[in-house]
K.L.:
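Here it is, the structure in full.
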Amino acid sequence: MTTDGGNGAGSIAIRDTLSGKRSSPSGQGSDTVSIYLCGVTVYDDAHIGHARTIITFDVLRRHLEYRGIRATMVQNFTDVDDKIIARARDEGVQASELGERYIKRYHEEFERLNVLRADSYPRATEHIQDIIGFITNLIEKGAAYVAKNGVYFAVSEFAQYGKLSGKKTDQLRSGARIEIDEAKRDPLDFALWKFDAGDPSWDSPWGAGRPGWHIECSAMSTKYLGDCIDVHGGGRDLIFPHHENEIAQSETRTGRMFARIWMHVGMVTIGGEKMSKSLGNIRSVGRALEDWGPNVIRLFCLSGHYSKPVDYSDENLRESLARWRQIEACHYELMHATRGAGGGGGGGPGDAGAAGRLADAVVRFDAALDDDLNTHLAVSALMDVVSDANALAAGGALDPGWAADAGAELSRMSRTLGLRVPDMDPAEAAAVDSEVEARNGLRRQGRYEEADAARDRLRELHVELFDRRDKTVWVKREKIGADAKN
RNA sequence: GGUAAGGUGGCAGAACGGUCAUGCGUGGGCCUGCAAAGCCUAUACAAGGGGGUUCGACUCCCUCUCUUACCUCCA
């Protein structure tokens, strides 16, 4: 039973980690949404786990915009951090130079993944004054204190600490894992500012140093999106302590709810285990792009519900590849049919049903995304259109009008998922057409060796041919590394 | 130990209190000069164990068990 009226935009619901309930990102009647996504720490290459989180939010954003809601998206780069400093020292470069390198690479890779640019990508190092201001507020409120080695947030001052992750402070204190630090009043207190006059360091009212990890997100999200964000998210592993700490800082400062919806994306696993540096099972985005290309990676990342883990296995990737091949071929199938290449019996009795099935699939696609961004079901709905088109084509009943409609819908659904069929300019298409024509002439004359040679030539251009009863359909394939290896 | 999310056919993975998607895989057929892709068709004892609620549960409740994640940096 839907609680709201269900008119387009208002019907989108996302499950909030904190309350466990679904609610609309756009609130009541608003047509804009603010989204803050915790991005990457720039000391190494991005991996598939990063990709999954970012692609999930990318689809959320695309779907919101399709529903007429303008999303303002802010995604940070953490460019000051102990690991960056250590890595820079090892390589003998400046921390800023290292960060710059990985930020550049990030943009290149995620552009290839067809991820829309965020409205801004704030960096911690460019917001030191905002961070200092934020910390000053917290000290004024009595929620932060200056110690020997830094400025700390006093967890005891925030009564609701633990509400996001479902943890109780005394349980956390009794856990043996917490680092004992004499300087802290409470082992749960976390650093807002670390004193260290080393390489990357900035002056502050309390002493030279650098910000702690969590404060940058509170400061920057507030600066760009205000005190209360509509959707705040990241990977599940950020729930504690990162997001918990952000809530503590921000809500202490404003006395208001920090984020209306917390959205957390499940981990990418390798053989059932979380991908992590310590296990040495990291798969980089760069490598994945080489092996599988952007569309397969996206389909893989969207193959299950975002909140659940997904296993980066060869089998799963192959399945995504098979799906992609079908979608790709279908785009061409519909394009050819639309160009009126006499498909035979248009307007048969089955066509009326086809229009209904198409409309139904589109409704299911959008409804799936409305319902807590169920990309798995959305992909299924898209695949229903693909197989319907294939069935009609195989039966010689692909009516050009239907093909045009289906092609438009398929493109639109693909766009929402961020899938992109390789571009082909008309001149190239015409060239392929005439090659195919020539080959069919050879086939009619029984000159099969020459015809096969023509087919091979086209294959080198990644054009694949399907000879049907009455015509030859061709598809321009995306080059995929893993294909070549097998 | 605490917290959270899960255990669905050979694999992946949904929905739903009553008819158990879909994809991959597998068998057969069609189409093709051959091929590829696709189509048609068939295929599966499917729900970790045990209780309970119900006319009826995979779906709700309890319990046990297993898995994973988080409790330390992590998307």
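Keep in mind that this is a model prediction, so the values were computed, not measured. In the text below, chain A, chain B and the rest are named by the order of the sequence lines, each starting its count at 1.
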K.L.:
Measuring only the P atom in each nucleotide, how far is U41(B) from C16(B)? A whole number of Å is fine.
P.N.:
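It works out to 28 Å between them.
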K.L.:
Ring-on-base stacking between Tyr448(A) and G33(B), under 5.5 Å between centres and under 30° between planes: is it there?
P.N.:
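According to the criterion (under 5.5 Å, under 30°), yes, Tyr448(A) stacks.
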K.L.:
Identify which nucleotide among C70(B), A15(B), A12(B) has an atom closest to any side-chain atom of Asp237(A), counting heavy atoms from C-beta outward.
P.N.:
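Selected nucleotide (nearest to the side chain): C70(B).
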K.L.:
Which nucleotide, G38(B), G33(B), U22(B), lies nearest any side-chain atom of Gln326(A)?
P.N.:
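Closest nucleotide among those given: G38(B).
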K.L.:
Taking the C1' atom of each, how far is G9(B) from C58(B), in whole Å?
P.N.:
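Pairwise C1' distance, G9(B) against C58(B), rounds to 13 Å.
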K.L.:
Within this structure, what is the CZ-to-C1' distance between Arg444(A) and C34(B), rounded to whole angstrom?
P.N.:
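Answer to the nearest Å: 17 Å.
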K.L.:
Please report the distance separating the C1' of C39(B) from the corresponding atom of C31(B), rounded so that it comes out in whole Å.
P.N.:
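Comparing C1' positions in C39(B) and C31(B) gives a spacing of 8 Å.
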K.L.:
Using the side-chain heavy atoms of Asn374(A), tell me which of these nucleotides is nearest: A75(B), A15(B), C71(B).
P.N.:
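Nearest to the side-chain atoms of Asn374(A), counting from C-beta on, is A15(B).
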K.L.:
From the options G23(B), A14(B), C39(B), select the nucleotide whose nearest atom is closest to the side chain of His305(A).
P.N.:
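That would be A14(B).
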K.L.:
Using the side-chain heavy atoms of Asn390(A), tell me which of these nucleotides is nearest: C73(B), C39(B), A75(B).
P.N.:
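Nearest listed nucleotide: C39(B).
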K.L.:
Considering only heavy atoms and no angle criterion, is a donor-acceptor pair shorter than 3.5 Å present between the side chain of Asn316(A) and the base of C11(B)?
P.N.:
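Side chain to base: no pair below 3.5 Å.
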K.L.:
Walk me through whether His331(A) and Glu328(A) qualify under side chain to side chain donor-acceptor pair (under 3.5 Å).
P.N.:
CA-CA 5 Å; His331(A) 274 281; Glu328(A) 191 180 49; over 6 Å; no
K.L.:
Using the C1' atom on both, measure G7(B) against C64(B) and round to a whole Å.
P.N.:
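My reading of the C1' atoms in G7(B) and C64(B) gives 14 Å.
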K.L.:
Test for a donor-acceptor pair under 3.5 Å between the base of A75(B) and the side chain of His264(A), counting only N and O atoms.
P.N.:
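No, the side chain and the base share no sub-3.5 Å donor-acceptor pair.
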K.L.:
Any idea which of C34(B), U22(B), G33(B) is nearest the His376(A) side chain?
P.N.:
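Taking heavy atoms from C-beta onward, the closest nucleotide is U22(B).
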K.L.:
Taking C73(B) as the reference, what is the distance to C11(B) when you measure between their C1' atoms (whole Å, please)?
P.N.:
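Their C1' atoms lie roughly 34 Å apart.
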K.L.:
Among A21(B), G2(B), C70(B), which is the nearest nucleotide to the side chain of Phe240(A)?
P.N.:
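Nearest nucleotide to the side chain: C70(B).
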K.L.:
Side chain of Arg455(A) only, heavy atoms from C-beta on: which candidate in A75(B), C11(B), G33(B) is closest?
P.N.:
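Nearest nucleotide to the side chain: G33(B).
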K.L.:
What does A21(B) pair with, Watson-Crick or G-U, if both distances are under 3.5 Å?
P.N.:
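Matched A21(B) with nothing under the 3.5 Å cut-off.
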K.L.:
When rounded to the nearest Å, what value does the distance between P atoms of U43(B) and G10(B) take?
P.N.:
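It comes out at 16 Å once rounded to the nearest Å.
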K.L.:
Go ahead and name the base partner of U59(B); Watson-Crick or wobble counts if both distances stay under 3.5 Å, otherwise write none.
P.N.:
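When the pairing criteria are applied, nothing turns out to pair with U59(B), so the answer is none.
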K.L.:
If the plane angle is over 60° it's perpendicular, under 30° parallel, otherwise tilted; pick one for His232(A) and Tyr36(A).
P.N.:
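Taking Tyr36(A) first and then His232(A), their aromatic rings sit tilted (interplane angle of 30° to 60°).
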K.L.:
Identify which nucleotide among A35(B), C39(B), C73(B) has an atom closest to any side-chain atom of Pro241(A), counting heavy atoms from C-beta outward.
P.N.:
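Among the listed nucleotides, the one closest to the side chain of Pro241(A) is C73(B).
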K.L.:
Return the orientation label for the Tyr106(A) and Phe110(A) ring planes: parallel under 30°, perpendicular over 60°, tilted otherwise.
P.N.:
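The arrangement is parallel - the two ring planes meet at less than 30°.
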K.L.:
Any donor and acceptor pair, going by atom type alone, linking the side chain of Asn281(A) with main-chain N or O of Ser276(A) inside 3.5 Å?
P.N.:
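It does hold such a pair.
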K.L.:
Could you give the distance separating U67(B) and G49(B) at their C1' atoms, to the nearest angstrom?
P.N.:
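That atom pair is separated by 15 Å.
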K.L.:
Taking only the side-chain nitrogens and oxygens of Lys274(A), find out if one of them lies under 4.0 Å from OP1 or OP2 of C70(B).
P.N.:
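Yes, within the criterion.
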K.L.:
State which of C71(B), A75(B), G38(B) makes the closest approach to the side chain of Met275(A).
P.N.:
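The listed nucleotide nearest to Met275(A)'s side chain is A75(B).
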K.L.:
Taking the ring centre of each residue, are His107(A) and Phe77(A) less than 6.0 Å apart?
P.N.:
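Yes, the ring of His107(A) comes within the 6.0 Å limit of the ring of Phe77(A), centre to centre.
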K.L.:
If you measure from the C1' atom in G25(B) to the same atom in A44(B), how many Å do you get, rounded?
P.N.:
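Their C1' atoms lie roughly 11 Å apart.
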